[in-house]
Structure formats: structure tokens, C-alpha cells
Protein chains: 4
Amino acid sequence: MIITMIENATELEVSQIVEHLAAGEFQSRISQNGRVHIAALGKGRAEEIEKLRRFSSVADVAKAEQPYVLASWQMKPERSVVRVKAVEIGAEKAVIMAGPCSVESREQTLSTARFVAANGAVMLRGGAYKPRTSPYEFQGLGIEALKILREAGDETGLAVVTEVMSEEDVETVGQYADMFQVGARNMQNFALLRKLAKTRTPILLKRGASATIKEWLLAAEYLLAGGNENVVLCERGIKTFETATRNTLDLAAVALAKELTHLPVIVDPSHGTGVRSLVAPCAKAAIAVGADGVIVEVHPNPKEALSDGAQSLTFENFAALTAQIAQPIRSIASLN
Amino acid sequence: MIITMIENATELEVSQIVEHLAAGEFQSRISQNGRVHIAALGKGRAEEIEKLRRFSSVADVAKAEQPYVLASWQMKPERSVVRVKAVEIGAEKAVIMAGPCSVESREQTLSTARFVAANGAVMLRGGAYKPRTSPYEFQGLGIEALKILREAGDETGLAVVTEVMSEEDVETVGQYADMFQVGARNMQNFALLRKLAKTRTPILLKRGASATIKEWLLAAEYLLAGGNENVVLCERGIKTFETATRNTLDLAAVALAKELTHLPVIVDPSHGTGVRSLVAPCAKAAIAVGADGVIVEVHPNPKEALSDGAQSLTFENFAALTAQIAQPIRSIASLN
Amino acid sequence: MIITMIENATELEVSQIVEHLAAGEFQSRISQNGRVHIAALGKGRAEEIEKLRRFSSVADVAKAEQPYVLASWQMKPERSVVRVKAVEIGAEKAVIMAGPCSVESREQTLSTARFVAANGAVMLRGGAYKPRTSPYEFQGLGIEALKILREAGDETGLAVVTEVMSEEDVETVGQYADMFQVGARNMQNFALLRKLAKTRTPILLKRGASATIKEWLLAAEYLLAGGNENVVLCERGIKTFETATRNTLDLAAVALAKELTHLPVIVDPSHGTGVRSLVAPCAKAAIAVGADGVIVEVHPNPKEALSDGAQSLTFENFAALTAQIAQPIRSIASLN
Amino acid sequence: MIITMIENATELEVSQIVEHLAAGEFQSRISQNGRVHIAALGKGRAEEIEKLRRFSSVADVAKAEQPYVLASWQMKPERSVVRVKAVEIGAEKAVIMAGPCSVESREQTLSTARFVAANGAVMLRGGAYKPRTSPYEFQGLGIEALKILREAGDETGLAVVTEVMSEEDVETVGQYADMFQVGARNMQNFALLRKLAKTRTPILLKRGASATIKEWLLAAEYLLAGGNENVVLCERGIKTFETATRNTLDLAAVALAKELTHLPVIVDPSHGTGVRSLVAPCAKAAIAVGADGVIVEVHPNPKEALSDGAQSLTFENFAALTAQIAQPIRSIASLN
């Protein structure tokens, strides 16, 4: 159930409702944006919900329309803006996150960070712990990579996002990163989600390669229900029968996710396509469809990259991408 | 093999090569755009290809890099523009095709045609023969619908595209339509493709719901190899596990198809998503990714449509779509 | 609506009901198995259905529970057995159909037919008209192949099944074949289905590579509604993200189709897997899951096959397959 | 690289090779089945591999043919049998694991365990920690459930398999369970795999809902490379466009996995289909295709199950399933 408070409800009035719900064995989650909305979660005593209507501080009591209660518009009727240091994701302007797939060296990471910072990026991405299909592939530099990312972020002013794969690494990664990334393979690693939900660090939640939009939003709900509201969704392609691209980038899902939830949504056209030449047109299409930003892989020398070389942009490609996004789209033909 | 002629090769020189190939049991297909390119098709005698290098009119002999020889850039190194009456598909401006899923009545079709013509469309779409999953669903008005479409096209100046489902209907449909549509279910109906290839009427070839990009281009190749060069590709979504949308619109496939072939590519966001509210953002994303146009379903009263109501735009929605495409896309945030 | 007649309804009584329905603008389809069932199809006057209850010859009037009315159990409460010459598909024993992907020569086809006839097959398969992804691939020998198949069938006693791809070939193929095959690509070629429905020749309807079970049964319904009751379904694998097999063989779909319809269902493990070594285990699993038979590709020399060599069985493989099917399946361990 | 030792290589000879490899910066993994095979892992100095040929104890040095070196036949040329208490998985007889989706109460679990133990099962399954799509669904009884499972296993003699979802729960679950289950969602939770690899407890590794066979075997390789050889693979259906079943059970993948690896493979037809009536036919087909066993969900009262009721067998269904597996499969029709 979702309780909408009257316009100028006081803190006292809000806490009265929360106490009433607690007495009825409901948990509460509060969303405060002008109006206060309270979600009553769990299997409490339904009759206590009915009694809420008698409180003069309560404007409305409604059934949750979506299973992802906290992520839905009902609970928060305005777009969420997630702040990562100075960066605002979900605000008026779209954001570009860029950087190498894996942090391979200080030199590689710093040079990339400098270039992307000078060419339109506001956040630095880079893998320290890499989820690799084979145990014999490069698994990332770990803490050493985290330190390099921190240095690169501090020098350039870019906020840093990096993946955390293990519950046991949450604390360490949190010391260096400005934003956690939950990778596609871990979208339904509920133990990891529960642990991350206890932090206040923003989280970039990638859609699983075979996750429905509903499953994706429910994964976000694990984070919100666990107490972390700073969630950004990331579409990165789904697995289909098509083999010419690494995944099938689902841009309609971006438009749909933005209809279903107040959370910001960005797009990863690098993993979404796996093909360098498709990254820029798909990044532009992502912004056109309504995404709040894109995250792309950039490498000083993609041919020598330890991972994802085929989809990594060169510096030149990256500069071309930001230029291409800025250009107007094709105009429409008319009769006569 | 692809034979590139010298810059000012004469008709005589070209026909000498064609004769030489015929003697070697190869078929020829000629593409003429400034330079003449000749594709040698079939399993002829390889040694005759080698002899071609001795002709002074031959600039180059190269292996075909793609299995869809005629659709590839090698055979025609400039974008194809397909002309449907006054409309140019693949030229500088993007085109909008719009109209009802099914032609249901003269009134419905004419009113829709008038509205879309006045609001940015240059072509009218509408089904006369409908491929329906069940034999008990509305199957289209047939010839009556073709006559209505022709009337609507003539009155408004819109060129008319409509689906042909049967080899036996090719002649009839060709009498009324300006462009044939081959539906997704018939993309690999090779008997139909062969028959259509013998006409000179432009063809809109929809991608099958589970066709790879390669299979789609090879279906186009059936048309080109059969003698019809006026082929426009149409991405309309592929089948995936996602159920929140009717199909998964594959916009990266549009960018990739345009890399692989000289043929124009348009997008159908109505079937591609199956959700009315997603049509406009996906249409805009389609243009942004490089599509040469979009085809959308519009109905005076979608709730009463005999087919595809959930994805049909109202007149108001259609006007909003063209307005939305014209607006600039979001700009990019920068570091302070 | 489905009308169940009383147990010993006379022809006269049945025709009275049919006339009554016709007067109410319903079409009728009759199924006669002990009890007569009549399906009232189309959008007639609902009140006429109600009046049916007053006829003493009518035992029950019920709503159709499935969209594929004629294929459902409601309309025919016993398994259909489709007879193809002496072969009974859907009867107590499972049937094996075998033969080359394409008819390549008289010698190849006759030797294969003789071998499979002597080793457990009761029907011969072989392609005369081949649906090929590329226009430049071998397209089949056409009528010449039909004649070879007929000769091989007559000599060995095998009934002959072969694909028909074009409305225009229906008559010709019907002169030579004992059973039409509708290929996966043509499952929703409704023009072809309508034409085949007018014949009385049995039809093997392959499931489309991306067809849901419901779509598949509705394609069968086109045949039944058009007047041809001799329909056998064939599961042949669906398109998924998996690339180690050509398709993903959906054996649960076989069990489900047999729950939903009275039609026989067979399985094609050759196309279903695309891998020679998987054909025999999957054929056995198909019989175990409840299939009424299997259809497999056999070639005297798969390495030189003009199509589908990788999945074709050698003669030796085929003999091993029939032997493997006959062996008992593994027994179950128990707690001592 | 894979080093095959001579037939009667001594421990000393084996350790000499391991030391030589270590000096060349290779890691070693040893497989001992009559012949000793040593896998040289990592990026050591290639020239040291060459020198191995000079050792008289070395019979052969060969390149690994598969990326999943330790799981491949090259490394272990005989089927692995994984022992879970008295149960042998991968041995002559197939095994049945059965039990409730979730442990809901002592009574439910004990009654189910007693019934399945008396009717053909040798292992008990049951969820203590449940991976649930929504944070608001029943998440399992945790340690309390583990204790109930242990009690039920001890009383009935059934070995106990249960899912572990969190790195932090590995130790606790290991105290109660005889076999860990890694769920489909965690197949590529590499942090969890690495932690489990350090135990000696057998592991049931479910295939991810969108994992290719190669990805699945590489996930197993994480376990083997980490030191745990007691790995059993479990096919449980993949995500496709089909909605009539919960997943598409990929039985060809079972036959293929058994060709590619020495590890035992079982099948979960409950999750694989999501439909009660399909569980028994698919279980039988699984054994027929070559699976080493099946794992099925059984509940005293599926309608009241807290999870997966629609696919859970009743006690009666379970007894029918074991009976059905024991019956011979249909015989094959022959010509006259």
C-alpha cells in the first residue's frame, strides 16, 4: 500500500503513521519530494491500513500498482536525480561515462581519463575486478586498479564508477569508487544487492542479459527496499539469436523503463552491440529515445586491450561520438 | 566475383564482358553508377574469370566479400535511392509512412490519409490482405481495400504501400499499389520473392521476426538477383524472451545493415514495440541511428481497430510524433 | 461454439443442425468419431446458438476453450491417426521417416531409400524444392527429384513426404508425393496453407523456428478449417541464443502439443540439433517424451551432401539409431 | 597444455613434472585415473613445455582442445562419478532427487522426504535460501530450513542438496548439506564459485537461463580450477520467446555436454517446463537422452506452496513419474 500524506504534513505526523504501521506489523519506506509518500511493506494486518484513512494527515491510501513499489511513480511522482559527486544523472543534460573495459595500467587509465574528460565525459569507468567467462582469462588488477582509478578521477575531476562482484569486496571498492556497478551477470545476485543496499554509495545496476524489464526493476527494488535510493539503471543489450552483434540493444526498454519508474536510465552501447562502429550511432539513438546518458568503452589502443577490444573506441572514435551526438538528426521529407 | 569496369567503359565493352561470362557459364548482373560493376553469378568455369583481367575495359576483378553480392557495397559503392512515385527513400531526408493496420472502410482510410498527409507523412500504408495468426480473425477486405487505398493515395498525393501475401495476388496488388510490402512472416517465402523480383514495382522487405541480419540481406538478394533493384529493408522487431513489448526493436541492426548494404533501411516502431506510447520515442531513435524513414500505424479510433489497436497512434499521437522527431535531442553535460 | 450431438444422431439430424447454423450465418465443421461434434465458426447470430439447445439431437453446446477449435480435444475427443498409404501416424507404434535432405541423384536417393526401408523406416523424405537462405545455393532438382522420389517410394514401399514451397507447385507435387511437407519458414505462409487445405493429401506441418506452440496449432487450424484433416505436426527446433546447436529442440513442446490437440506430433532431430552425433539420442528422447515418430536426414556420403551434411546420418549411423531406440532406457538407482 | 604421464608413473615422477612447471611459472592440476594427466595452466614460459618431452615419465604433451581444460575428456578420459554420501551420480543407474521448492515447515519437509524416499528418490532437495525475483516474496527459512533438511535426510537416508546464494553462507550451508546447489541466477557469480571451489563438498551447478553450453562448462571449470572436482551439471531450461512453458528445456544440451565433458549431467524438468503435467514426460526424455538423473519438485499440497506451486508434483504425481520412467518406450512401426 502507498500512503500519500497531505501537502504540509509535519515530521511528527509522518512518524505517527510510521508508528501506526509498525504496530500493524508493516515496514515503512518514506519518499519525500514536496509531498511525503509512505510505502507499507510486508504482510501486516490489513485492517490497520483501513484505519489510516481516519488520520487527518493522510490524503490518500492506494494499492501499489506495480510490484516494484518504491521504484514506481506512485511512490515518487517526480524523476529521481542521482548525484555522483558533482555529476547529476537524470537531470536536464545527458551524461557520458567513458573509460577502459579493464584497468590495465596507470598510464593507460590516466591517458584515457584525460582524453575523455577533455572530450565530453563526466565520469570514468574501468574494471578492477572483471567477471570473465573463463577462469583463465585476465581477472583484473584488483586493489591496484582501484587506486589507479581514484588517482585518475581525482586528477581529472571525473567521478569514478567500477564494478563490484563479491560481497566481500563491497567495503574495499566503496573506499575508492564514487559509484558501484552491478554487472549484468550479478543483476540477480541478491546477496550482493542486499549488501550494497546498506551503503549510501550510488549504484549503476546493469540489466541482466536475459532479464525482463520487470525483473530488472525488481532487482532495483531490492536496492531501494534495502535502503539505498541512489540507483541508476543501465540497459546493455539482451541475448538473442542474432550473432552479428554481441547482444541486442533494447532501446525500447529504455523508453519503457522511464515510463514505469522514476529512476534514471542510461545505456551501454559498447556491450550492447560489441561492434565498434555501432557504438556512436547507438549512443545517439539512446539519447534520442530518452536515456539519461551513455557509458562507453575507450582504450588508447583497442587492438592490445586485455578485454573487449573489438568494441572499444579509440580516442579519435570517442571524440567523433560526442560530436555526432551534438549534431541534429535528419529532417523529415514532406509532400511536394 | 565482381568485375569493376574502367571509368568510361562503353556499352559495347560491357556487353563483351557479359558475353564472355555467359560463354563461361556465368550469369551477369550489372550495376551502373558512374562506374559499371558486373557480378558474375553461378558456378561457371573459374578460369574464364582469370581471363577477364586481360580485357582493357576491366579495371578490377575481385572476390565477393559478402554472400549478398548485389546488395553489398562492392557491387554498388553509393547509397541506393528507391523512388516510389515522387518519394525518394534513402535520399537526404527521412520519410514517414503512416496509415491504418488494416483498411476497414473508405471513411477510415480516407480520413487517416488526409490527416497523415497534412502532418508529415509522404506514404500511406494499409493492409488489404492481412496475415493473421488465426484463421478466424479478420483477414482483410482484399480488392475492395486496394481500391480504397488507391483512391486515398490519389486524393492526397501519398504513395501507397500494401502487403502482398500470395503469389497469386501479385498481379492484382501491383495494379493498385505503388510499393509491395513483404511481411515478416513471408521474408523467406522464396516463391513469393521470386515472383515479386520479376516486377519493377518497389518492394518493402520486412525483417522476419527471427531472421538474422544476414538472412534478411540474403532475402533482399533474392529480389535483386531476380531483377528488381528497388528494395527497401524494414526492421520491425525480433522475437525475444521479453514480454513487455510485442517484439524487441533492433536498432543496432539498422546501423549495421546500412554498413553492410547500399539499400535503404526504414523502421517500423509500431510492430517493433506493440505499445502506443513507445512508438514516438522509438521512431525518433530510429532516425537518430540512421534509418531512412519510419512506418507507423495510425487509426482514427484505435480502440475499435480490427487489428493492432494497442499499437496504433491516434491522429493526435501522430502529430505529436512528427513534432517530437523535429525537436533537438538532449544535450550533453560537461565538467563544470 | 462446439455442439455435441447425442450418441446416435442420424445424418438427417446432423444436417438439420448444420442448416440451422447456416441460417444463423455460421459455418460448420463436422468431426465424426462415434459422437458427432459440430464446430460453429464465424461471426453468426449468437441467439441462434441458444436455440440449438432445444433440438433433441443436441447433447451439449459449449464455448470453444481454445482458439484452435478444430485441433482441440473438445472437437474430437480421441487421438487422430493420419494415414499415409499404409503408414499410420499417431497409432500405437512410432514411425520413422528418413532420407536425404535434398534429392541429388537417382542413385543417391534409391540407395538411401533401400537402406532405410531395410532398417526401420516406413517413410522416405527428400527435398525436391529446397528453401535456401541464399539465392545462390542449390535450390533442388524440382520435378526430376519428384520422379526419383516416386520411383524410390514405389520400389521400397516407403510412403513419400516432400516439401512444397509455392502455391503454384501444389498440384505438381501432389501428383508425386504421398504427403506434403510445409517447411518451418512457410508455417505462416497462409496463402500456401489455404491452398493445401483444399487437397486431401496428408500434410506434415513443421513448427516455425520462432513460432510459439499456440501459433503452430493455429497454423494447423488453417489447414483443418480449410477442409484437410490429415495434419501431422512436426517439432524441429526453435531459434535461441545457443550456437553450439543449429536450433534448440523443444521436446517439452511435443508433450504439450499432445495435451492441447488430437493431432499426431513427430520430431525432426536433424534440423533440431544440426549435429550428427546428437540425432540419435534426441530421437530416442523424442519417442520417450511422447512423439508419434521422428524424421531424420540420411545420406550415403554426408561429406559430399549438397545441403545439411553436418547433420545427416550415414547409413551406419541410421542403423545405430534404430538400434538405440529399441534399447531400454537407464534404470533408476534406489536407496539400498 | 595437457601432459599425459606414462602408464606407471610414480609419485616422484609426477612431482618432478609439477616442479618443472612451477619453475616455468605454470600452475598444475592433476587428474588421476589409472593414467595421470597434468594440466599446465596460466601464462608460463612456453619453452619449458617443450622441455617436458625429454622426461622419460612423460608420454605425451598436447594442446588443450577445449577452453574448459579440466572438464574436458582430454584431462580425464573416463566419466566422473560424483559421490554424495552413498549416492553415485554419473554411475550406471540414474538418480532421482526430489523435494519441495522451499522448505516451509518441518512437517511438509519430513512427509515429502519420507514419500520420495519410499518411491524412488535417493536425494532430497529443498530451498532454505530462496532467490526470489521480488524482495517482497518469501525468501526462505534460512538456518531453520537447513536443520529441517538435515533431520529429514538423516531420518530417510536421503542425501541433501540445497542452494547457497551468498559467499557469506557457504560455511553455514556446508554444515548441513551434503551437496551445494548453485542456482541458475548464480551460475556466473564467480565470487561464489571461487569460494565453493575451496570446499570439498559436491556441487550441483545449474545452467544459467541464458547461458550457452560453453559458458556453463566454463563456470564448471571455475570450480575444478579452484580445486573442487565434485561437480555435477544441471540443465534446467533456457529463456526463449515461448511463453506456454516457463523455460525451454534443452535436452540436446545434455547429450552435447556429455560429449564435451566427463562430468555427470542431470536435468530439472520442474523449472525446465514450469508445468506439472510436463514434468514426468520430460524426466523420462531426460533419461532417454543420456542424463545421469533428474531433480524434481514435490509438495504435499502444491496449491498452497509458497513458491513454484504450478510446477510441483503431488505425491501421487511423483509415484506416477517413477513408474512412467520404468516403462519401456514405444516401439517402432515397420513396413508390413
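Proteins come first, then strands; the chains are lettered A, B, ... in the order of their sequence lines, and each starts at number 1.
Using a 4.5 Å cut-off between heavy atoms, K195(B) contacts chain C through its side chain alone, with no backbone atom that close. Only the backbone of P67(B) comes within contact range of chain C, with at least one heavy atom under 4.5 Å from a heavy atom of that chain.
Other residues, nucleotides and ligands contribute more than 12 heavy atoms inside 6.0 Å of the CD atom of E47(B). At most 12 non-hydrogen atoms from other residues, nucleotides or ligands lie less than 6.0 angstrom from CD of E304(C). Within a 6.0 Å radius of CD in E137(C), more than 12 heavy atoms belonging to other residues, nucleotides or ligands are found. More than 12 heavy atoms of other residues, nucleotides or ligands sit less than 6.0 Å from atom CD1 of I49(C). Crowding of E229(C) atom CD: a count of heavy atoms from other residues, nucleotides or ligands under 6.0 Å not exceeding 12. Counting heavy atoms of neighbouring residues, nucleotides and ligands inside a 6.0 Å radius, atom CD of Q175(C) exceeds 12 of them.
No side-chain heavy atom of N189(B) sits less than 4.5 Å from a side-chain heavy atom of R185(C). Here the side chains of F190(C) and M165(B) are in contact, with some heavy-atom distance below 4.5 Å. For the pair E167(B)/S166(C), a side-chain contact is recorded, criterion being any heavy-atom separation below 4.5 Å from C-beta on.
Under the 3.5 Å distance criterion, with hydrogens and angles disregarded, a donor-acceptor pair is assigned to the side chains of R194(B) and Q139(C). Using modelled atom types, one finds no donor on one side chain facing an acceptor on the other under 3.5 Å when comparing S134(B) with E221(C).
Listed options S210(B), P135(B), A219(B), A191(B) were ranked by heavy-atom pairs under 4.5 angstrom with chain C; first place goes to P135(B).
Nearest heavy-atom pair across Y136(B) and V69(C) is CE1-CG2, 4.0 Å.
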*Would K43(B) and F138(C) satisfy side chain to side chain contact (heavy atoms under 4.5 Å, CB included), going step by step from the backbone distance to the final call?*
CA-CA 10 Å; K43(B) 301 208 180 295; F138(C) 175 61; over 6 Å; no
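Within the model, atoms CG of L192(C) and CG of N186(B) stand 10.0 Å from one another, a figure rounded to the nearest 0.5 Å.
With respect to the salt-bridge test (charged N to carboxylate O, under 4.0 angstrom), the residues E215(B) and K239(C) qualify.
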